[in-house]
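One structure below.
Order of the sequence lines sets the chain letters (A, B, ...), proteins ahead of strands, with each chain counted from 1.
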There are 2 protein chains.
Amino acid sequence: MLAADVIRAKRDGGALTPGEIRWFVRGVTSGEVGEGEAAAFLMAVFLRGMDDGETAALTDAMMRSGAMLDLSDLPGPKADKHSTGGIGDKTSLVIAPAAAAAGAVVPMISGRGLGHTGGTLDKLEAIPGLRVELPLADLRRQLGTCGLFIAGQTPELCPADRTLYALRDRTSTVESIPLIVASILGKKLAEGLDALVLDVKTGSGAFMRTLPEARALARAMAGAARALGKRAAAVITGMDQPLGRAVGNALEVREAIDVLLGGGPADLGDLCRELGARLLLCAGLCPDLAGGRARHDEVIASGEAAAKFAAMIGVQGGDPRVVEEPSRLPSAPVRAVLEADRTGVLRAVDGVAVGRAAVALGAGRSRPGDRVDPAAGFVFMARLGDRVRAGDPLAEVHASEAARAEAALRALRAAISIGGSDRPPPPLIHEEI
Amino acid sequence: MLAADVIRAKRDGGALTPGEIRWFVRGVTSGEVGEGEAAAFLMAVFLRGMDDGETAALTDAMMRSGAMLDLSDLPGPKADKHSTGGIGDKTSLVIAPAAAAAGAVVPMISGRGLGHTGGTLDKLEAIPGLRVELPLADLRRQLGTCGLFIAGQTPELCPADRTLYALRDRTSTVESIPLIVASILGKKLAEGLDALVLDVKTGSGAFMRTLPEARALARAMAGAARALGKRAAAVITGMDQPLGRAVGNALEVREAIDVLLGGGPADLGDLCRELGARLLLCAGLCPDLAGGRARHDEVIASGEAAAKFAAMIGVQGGDPRVVEEPSRLPSAPVRAVLEADRTGVLRAVDGVAVGRAAVALGAGRSRPGDRVDPAAGFVFMARLGDRVRAGDPLAEVHASEAARAEAALRALRAAISIGGSDRPPPPLIHEEI
């Protein structure tokens with residue numbers, strides 16, 4: 001086979017065979033297919049698309065490009081959740097331990113924040129001592145003892161994605177549904193899953209801004225996962241404002257712990273329950289969605305979910321006492337409050353602007369490899385649709401120094417708009433695929 | 001500027017500015033724009049196209065990517081001819097010396113054969129001692145003394161094309177009109193030309209098989225050349241059978257010398273006259289086309305064209321006596337004659353098949369860098385539309401050994417079809433742009 005022939009077939013709008021796709025991805029991994037060939041292929045896929053069968057074959061080829069976790073000797077269904085990323089999204093920190101407490105094995109490979117979206121690994125690293133860069137063998141062992149891990153990508157899993165993802169970024173071929181699906185699912189399915197819940201965000205703070213875009217991605221992801229024999233649910237959820245009240249690593253861990261202990265903001269708790277229930281249902285751990293919700297609530301009420309989180313923190317080298325004593329998390333020396341400058345209804349929170357303000361504050365990163373300040377961030381006191389009066393507190397800024405807090409206040413003020421008329425708050429869940 | 005932004009603009013179907021195009025091509029040359037970015041750009045251009053302004057800007061950027069010949073101190077118009085390549089096309093060997101004899105300065109950078117099409121440099125190298133790989137300074141000097149050169153690409157001229165052409169080959173982005181135009185014209189115009197004649201072949205043996213394809217390429221090339229301030233003519237000529245009677249390096253040199261001396265096959269002589277006349281017209285060396293034809297015929301009849309060819313051979317280290325004594329050219333030890341197997345009209349000669357048979361015979365190459373046998377080739381005795389009787393000789397094979405001659409006879413037989421009914425011979429010139 002010749003790379004140029006595979007590229008030509010896609011260039012001309014043809015459907016590639018699974019054999020051609022497998023061969024090409026293997027070549028990318030081995031280096032036999034060069035960077036130029038890979039980039040031309042990516043652009044041809046971007047502009048010509050891929051049908052469902054090709055997308056599934058590409059996902060399968062990515063998944064098999066390196067080692068795969070074989071978890072067949074562990075009792076219990078293997079399940080995970082993926083989110084396309086948003087602002088203040090700390091659901092993984094709740095759902096993973098809750099599902100593990102309910103009997104699932106949760107091998108959660110996660111990522112770091114970049115640009116306006118945060119990353120689960122950065123949040124976890126706010127816990128003193130906790131390590132997320134762990135060898136695959138250790139992670140494998142941890143699943144046997146603890147039932148879950150949340151850790152960073154290892155070099156063994158899905159190497160083709162590392163090569164292709166870096167190339168997509170440089171060649172403007174990121175926003176292609178088949179390429180997104182294969183990248184996300186290839187990595188997830190290399191974890192050896194039986195079941196997967198997909199949270200596709202839509203709205204001003206999401207990667208997929210509009211509902212039709214989010215729907216297309218959700219359908220393609222659920223379709224590919226099912227085509228590869230996995231039980232999958234995809235939910236399109238709103239990202240028109242930060243999820244919960246906290247944005248920033250330690251602040252978000254604290255909020256996730258609140259939810260694990262039965263408290264926390266309603267929207268965050270509700271979304272965790274809905275996603276968690278679907279995870280349990282796909283994993284076969286409950287007969288229906290209502291049973292899934294009940295089981296999720298049960299492991300939270302009993303303290304088993306929080307205990308599972310503490311156990312995971314301990315195995316990964318962190319201080320498990322943060323669960324009972326959140327004051328052990330890092331906290332920022334400077335606080336400043338953003339007050340409403342007029343009376344009215346909170347009409348819009350520009351998620352991307354909030355995410356950027358968090359980056360400027362040091363809570364996120366603008367370039368891969370930048371260090372983050374675990375303590376920095378925001379806590380919102382008002383949500384979309386709330387009536388506020390001039391002078392009411394809208395958000396609290398947590399910062400390392402006064403100048404950064406001032407800059408963040410200005411950025412937040414620009415991100416929030418207060419209007420005259422009522423407006424119904426956006427739904428939490430838009431659609432289910 | 002970021003390569004990813006330029007790629008994205010083209011990916012989304014936008015027109016790039018001359019500044020963006022110049023920046024990108026400069027980056028390709030310097031290595032600042034990587035192979036992946038260049039390949040993604042090529043595929044985006046392939047699938048999204050470029051308008052006339054972009055094509056001219058890309059051509060200009062390619063032309064300026066390296067050194068350019070500055071011939072302004074030489075008297076006389078600087079003119080050249082380019083052909084998209086065909087089988088048996090030795091017109092350059094006639095037109096270049098004829099134009100130089102008529103007063104033009106002809107800095108002809110040419111190429112080697114690959115696949116079924118031959119290359120002018122391979123033909124010239126059949127002349128004992130002649131060198132085509134010469135330093136730019138020597139070529140520059142040769143123009144002053146002799147008025148022409150025909151030589152290979154030098155490293156200084158159009159380096160961006162070398163990088164991009166190799167990448168296009170590997171990434172299936174060859175057959176794109178803006179990319180073809182920029183590659184061909186960028187190299188030609190770096191020669192410091194005032195005038196250019198473009199011979200775009202169409203038919204079974206051509207790169208552009210159909211007339212609409214050839215027309216689109218001819219229009220784009222002439223348009224870009226004129227947009228960059230050059231006088232240009234483009235002619236669409238037939239390549240439904242080999243041009244002239246000879247295919248093979250020494251055999252074609254011999255045939256070109258026949259034409260330079262006033263003889264040779266009519267089709268070849270006619271095409272040389274038509275292209276040569278347009279070259280002289282674009283160069284401003286004659287008032288009209290009729291005057292161009294007359295001037296071309298004049299330098300042939302006077303022997304000045306043949307003398308110019310001999311002079312060029314001498315300066316480039318070859319044996320100029322081949323012009324008067326063609327027996328000094330290499331000749332093959334084995335000859336075999338292909339006879340018509342039935343009576344009828346010669347209806348089709350599959351040019352690609354003839355070209356491949358020539359490669360199999362050693363007269364061409366299947367891979368860059370392969371050595372060629374200068375003496376091997378074919379001489380056709382019949383042309384399309386000729387009535388032949390069973391047993392009539394159709395072609396003579398010149399080979400290094402009997403087995404190769406036999407294989408070539410079989411391949412030629414399969415390439416030629418003899419039918420029952422008359423068919424008018426195809427026109428030599430289809431259209432003029």
Side-chain angles (χ1 to χ4, degrees), chain A residues 1-14 16 20 23-25 27-29 31-50 114-115 160-180 207 213 366-368, chain B residues 1-14 16 20 23-24 27-29 31-50 114-115 160-180 207 209 213 366-368:
Chain A
M1 218 175 282
L2 281 177
D5 293 337
V6 177
I7 297 166
R8 181 182 298 109
K10 181 42 68 188
R11 178 198 85 184
D12 293 343
L16 302 178
E20 288 171 327
W23 178 88
F24 200 92
V25 171
V28 167
T29 313
E32 260 176 279
V33 169
E35 175 176 308
E37 286 85 341
F41 174 84
L42 291 172
M43 184 57 82
V45 170
F46 189 102
L47 289 172
R48 292 299 202 171
M50 276 189 155
L114 184 62
D161 182 64
R162 253 189 306 288
T163 304
L164 290 178
Y165 193 84
L167 196 52
R168 282 168 62 203
D169 195 46
R170 284 163 41 206
T171 58
S172 289
T173 50
V174 170
E175 312 92 326
S176 155
I177 284 188
L179 298 179
I180 294 170
F207 180 53
E213 290 173 310
S366 53
R367 269 177 297 203
Chain B
M1 219 175 280
L2 282 177
D5 293 338
V6 177
I7 297 166
R8 180 181 299 109
K10 183 40 68 188
R11 178 197 85 184
D12 293 342
L16 302 178
E20 289 171 326
W23 178 88
F24 200 92
V28 167
T29 313
E32 261 176 279
V33 169
E35 176 177 307
E37 286 85 341
F41 174 84
L42 292 171
M43 184 58 79
V45 170
F46 190 102
L47 290 173
R48 293 297 202 171
M50 275 187 155
L114 184 61
D161 183 65
R162 252 189 307 288
T163 304
L164 290 178
Y165 193 84
L167 196 52
R168 280 168 63 205
D169 196 45
R170 284 164 40 205
T171 58
S172 289
T173 49
V174 170
E175 313 94 324
S176 156
I177 284 187
L179 298 179
I180 294 169
F207 180 52
R209 297 290 177 87
E213 288 174 312
S366 52
R367 268 176 299 202

So for [X], is it side chain, backbone, both, or neither that comes closer than 4.5 Å to the heavy atoms of chain A?
X       : result
B:Leu42 : neither
B:Ala38 : neither
B:Phe41 : neither

Ignoring hydrogens and angles, tell me if any N or O in the side chain of A:Lys10 forms a donor-acceptor pair with the backbone of A:Asp5 under 3.5 Å.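 Answer holds: no.
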
Please assess A:Thr171 against A:Met43 for the test side chain to side chain contact (heavy atoms under 4.5 Å, CB included), listing each intermediate value before the final yes or no. CA-CA 8 Å; A:Thr171 58; A:Met43 184 57 82; 5.6 Å; no

Pairs of heavy atoms under 4.5 Å with chain B: top-ranked of A:Ala44, A:Ala39, A:Ser172: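 The candidate making the most pairs under 4.5 Å is A:Ser172.
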
Taking every non-hydrogen pair under 4.5 Å, which of A:Ala3, A:Ala40, A:Gly34 racks up the most with chain B? A:Ala40

I need the A:Phe46 CZ to A:Arg168 CZ distance, nearest 0.5 Å.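 A:Phe46 CZ to A:Arg168 CZ: 9.5 Å, rounded to 0.5 Å.
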
Does any non-hydrogen side-chain atom of B:Tyr165 lie less than 4.5 Å from one of B:Val174? yes

Determine the minimum heavy-atom distance between B:Leu16 and B:Met50, stating which atoms define it. CD1-CE, 4.4 Å

